[in-house]
Q: 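Below is the structure I would like to discuss, written out as structure tokens.
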2 protein chains.
Amino acid sequence: MHNSFGFDLRALEVFIQIVDGGNMTAAAERLGMTQSSISQSLANLEKNLDTQLLDRSVRPIEITRAGRFFYDKACQLLQEARTTSQAMQKGRFDKLRHVRIALVDSLATAVGKPLADAVKRHTEQWSMTTGLSHMHGEALLSRTVDIIISDDALMDYPELSRFRILREPFMLVLPKSFTGEVKQLEPLIKQLDFVRYPAHSLIGQRIERNLRYRRTGW
Amino acid sequence: MHNSFGFDLRALEVFIQIVDGGNMTAAAERLGMTQSSISQSLANLEKNLDTQLLDRSVRPIEITRAGRFFYDKACQLLQEARTTSQAMQKGRFDKLRHVRIALVDSLATAVGKPLADAVKRHTEQWSMTTGLSHMHGEALLSRTVDIIISDDALMDYPELSRFRILREPFMLVLPKSFTGEVKQLEPLIKQLDFVRYPAHSLIGQRIERNLRYRRTGW
DNA sequence: CTCTCTTACGGATTTCGTAAACATT
DNA sequence: AATGTTTACGAAATCCGTAAGAGAG
């Protein structure tokens, strides 16, 4: 095999046609090839994956569990390859067609408006969604959105582009009735109730870390 | 080109390595090939796509707008190919690792529980989300979820499996104080306020169609 | 001058068609 | 028997390395 995956797009195309058509002869006709080539292609695919995808000991051919799993993945891969190919053919990269932005609710008013204006100058359509930043990471990685404004830089994914747009200090908010002097947080936390973000959110973790730092020196 | 896309997975791998490494020599080293092969592979890719991806008239090499677009798609395709390949290598299709289900809120209690029990018998982890059925279609197609329970059968996508699980009659709910006889809807709608689903939702459209049928005979 | 990319050429590999043998119903 | 799949074999296309030429800085 000339790549590290055990399959290439051509092999996926053949496999899908066999499954859709129910037999190799039909697949061959649809793809403009001989049935023999189809058979060889499938045999190679199964050898490279080291997995049986179809059960040829019965007619009509039956798909195995592994084959059904692979078929689903293959459809998705081919669909994406197809749309990518079409986008390249069209060849319009100067102006995007539809830019989808996701940001946390709290930033929608502060950053949302100027960003929307900037995006509007370069695109025809755009849309904006809000929600939890963790969802947005997923959405960006699955290409459901194009831009996220997030406290999570997703550093594990080198293919993303990042731009620092905002830096905020942590603020301690106290009741007006509070008169004492604030030098350390430790006694304050014992004295007053403390409202903070949930510990499983990214911002919550950073606050906890910050508190620990101020309390213990690290 | 032996497939209809203008590229194969190998070519994407080469292209990404050139972009990541910044030059062909580094890419060649990383891929265990000669720099010459890299050059040819890229040249072929550009020829097949009929698009210039990199600007070689400057050092270091610069990526074009089309190239940046293609790079993003290529990363996604390769990432999916990689995870698919790994899943096939592991070869465990008898028990899924994590099944994600999405259904409309109104069905969560009625169907959710028995479905969850059934899924639990065949999987290790599972999760369930609710929301609008239109979102669920998208989520299924982008493989963010594995199962949806929906009124939209997504008939445009032959690669999906469908199972009819529930059939509900349309109900007309009237105030207790209403005493007249109901034979036709037409006079009733003029007489009373009518609460229905929004017209842009799928269920709303079906209700409208049903009303029109009952009123006009079609 | 140095580093990097392109091009010409040829061998190795892969892909695909023909034709005949083999399998399933 | 009819329909459909595998296998052997060879031609064509593709991939990739060597080596020499071309271009950028």
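A quick note: this is a predicted structure, and the numbers were derived from the prediction, not measured. In what follows, chains are A, B, ... by sequence order, proteins preceding strands, each numbered from 1.
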Q: What N/O pairs connect the protein and nucleotides 8-12 of chain D at under 3.5 Å? Give each pair on its own line.
A:
none

Q: Distance check, rounded to the nearest 0.5 Å: Gln76(B) atom CD versus Leu77(A) atom CG?
A: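 Here the rounded value is 9.5 Å.
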Q: Tell me, which pairs form a ring-ring contact (aromatic ring centres under 6.0 Å, His included) where one or both residues lie in residues 32-61 of chain B, sequence neighbours left out?
A: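 Sorted pair list comes back empty.
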Q: Less than 4.0 angstrom from a charged side-chain N to a carboxylate O is my criterion; do Arg82(B) and Glu13(B) meet it?
A: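 Judged by the 4.0 Å cut-off on N to carboxylate O distance, Arg82(B) and Glu13(B) do not form a salt bridge.
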Q: How many whole angstroms separate atom CE of Met33(B) from atom C1' of dT14(D)?
A: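 Going from CE in Met33(B) over to C1' in dT14(D) covers 12 Å.
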Q: Out of curiosity, Lys47(A) NZ to Leu42(A) CG, how far, rounded to the nearest 0.5 Å?
A: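 Going from the NZ atom of Lys47(A) to the CG atom of Leu42(A) covers 12.5 Å.
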Q: What distance do Leu45(A) atom CG and Met1(A) atom CE have between them, rounded to the nearest 0.5 Å?
A: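 Spacing of CG (Leu45(A)) from CE (Met1(A)) equals 8.0 Å.
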Q: If you fit an axis to the five pairs at each end of the helix from dC1(C)-dG25(D) to dT25(C)-dA1(D), how big is the angle between those two axes, to 10 degrees?
A: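 End-to-end axis angle: 40°.
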Q: Has Ser39(B) got a side-chain N or O lying under 4.0 Å from the OP1 or OP2 atom of dT6(C)?
A: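 Indeed, a polar side-chain atom of Ser39(B) lies that close.
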Q: For DNA chain C, determine which residues of residues 15-32 of chain B have any heavy atom closer than 4.0 angstrom to one of its atoms, and list them numerically.
A: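 Those residues are Asn23(B), Met24(B), Thr25(B).
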Q: Report yes if at least one side-chain N or O of Ser37(B) is closer than 4.0 Å to OP1 or OP2 of dC16(D); otherwise report no.
A: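 Answer is no, no contact under 4.0 Å.
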Q: The test is side chain to side chain contact (heavy atoms under 4.5 Å, CB included); show your working for Met24(A) and Ser39(A) and say whether it passes.
A: CA-CA 7 Å; Met24(A) 300 194 192; Ser39(A) 174; 3.8 Å; yes
Q: Under 3.5 Å, side chain of Arg65(A) to main-chain N/O of Leu53(A), donor-acceptor pair present?
A: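 Side chain of Arg65(A) to backbone of Leu53(A): no pair is present.
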Q: Within this structure, what is the CE-to-P distance between Met1(A) and dT14(C), rounded to whole angstrom?
A: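 Distance check: Met1(A) CE to dT14(C) P gives 9 Å.
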Q: List for me each residue that meets ring-ring contact (aromatic ring centres under 6.0 Å, His included) alongside Phe15(B), sequence neighbours excluded, and say none if there are none.
A: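 Partners of Phe15(B) under the ring-ring contact (aromatic ring centres under 6.0 Å, His included) test: Phe70(B).
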Q: Quick one: do Glu46(B) and Arg56(B) make a salt bridge, cutoff under 4.0 Å?
A: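 Salt bridge: yes.
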Q: In residues 41-62 of chain B, which residues come under 4.0 Å of DNA chain D by heavy atom?
A: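 Only Ser57(B), Val58(B), Arg59(B) qualify.
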Q: Report yes if the side chains of Thr84(B) and Phe5(A) come closer than 4.5 Å at any heavy-atom pair, otherwise no.
A: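 No; the side chains remain at least 4.5 Å from each other.
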Q: What is the distance, rounded to the nearest whole Å, between atom CG of Asn3(B) and atom P of dT14(D)?
A: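 Result: 11 Å.
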Q: Starting at CD of Gln35(A) and ending at C1' of dA21(C), how long is that distance when rounded to a whole Å?
A: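 About 13 Å, once rounded to whole Å.
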Q: At what distance, to the nearest 0.5 angstrom, does CG of Asp72(A) lie from CG of Leu160(B)?
A: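 The distance works out to 8.0 Å.
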Q: Which heavy atom of Asn3(B) sits nearest to which heavy atom of Arg10(A), and what is that distance?
A: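 Result for this residue pair: CB-CD, 4.1 Å.
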Q: Can you check the Ile38(B) CD1 to dC15(D) P distance for me, whole Å?
A: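 Interatomic distance, CD1 of Ile38(B) to P of dC15(D): 13 Å.
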Q: Atom CD in Gln35(B), atom CD in Gln40(B): separation rounded to 0.5 Å?
A: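 Reported to 0.5 Å precision, the distance equals 9.5 Å.
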Q: Send over the distance from His2(A) NE2 to dG17(D) C1', rounded to a whole Å.
A: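 Roughly 17 Å, once rounded to whole Å.
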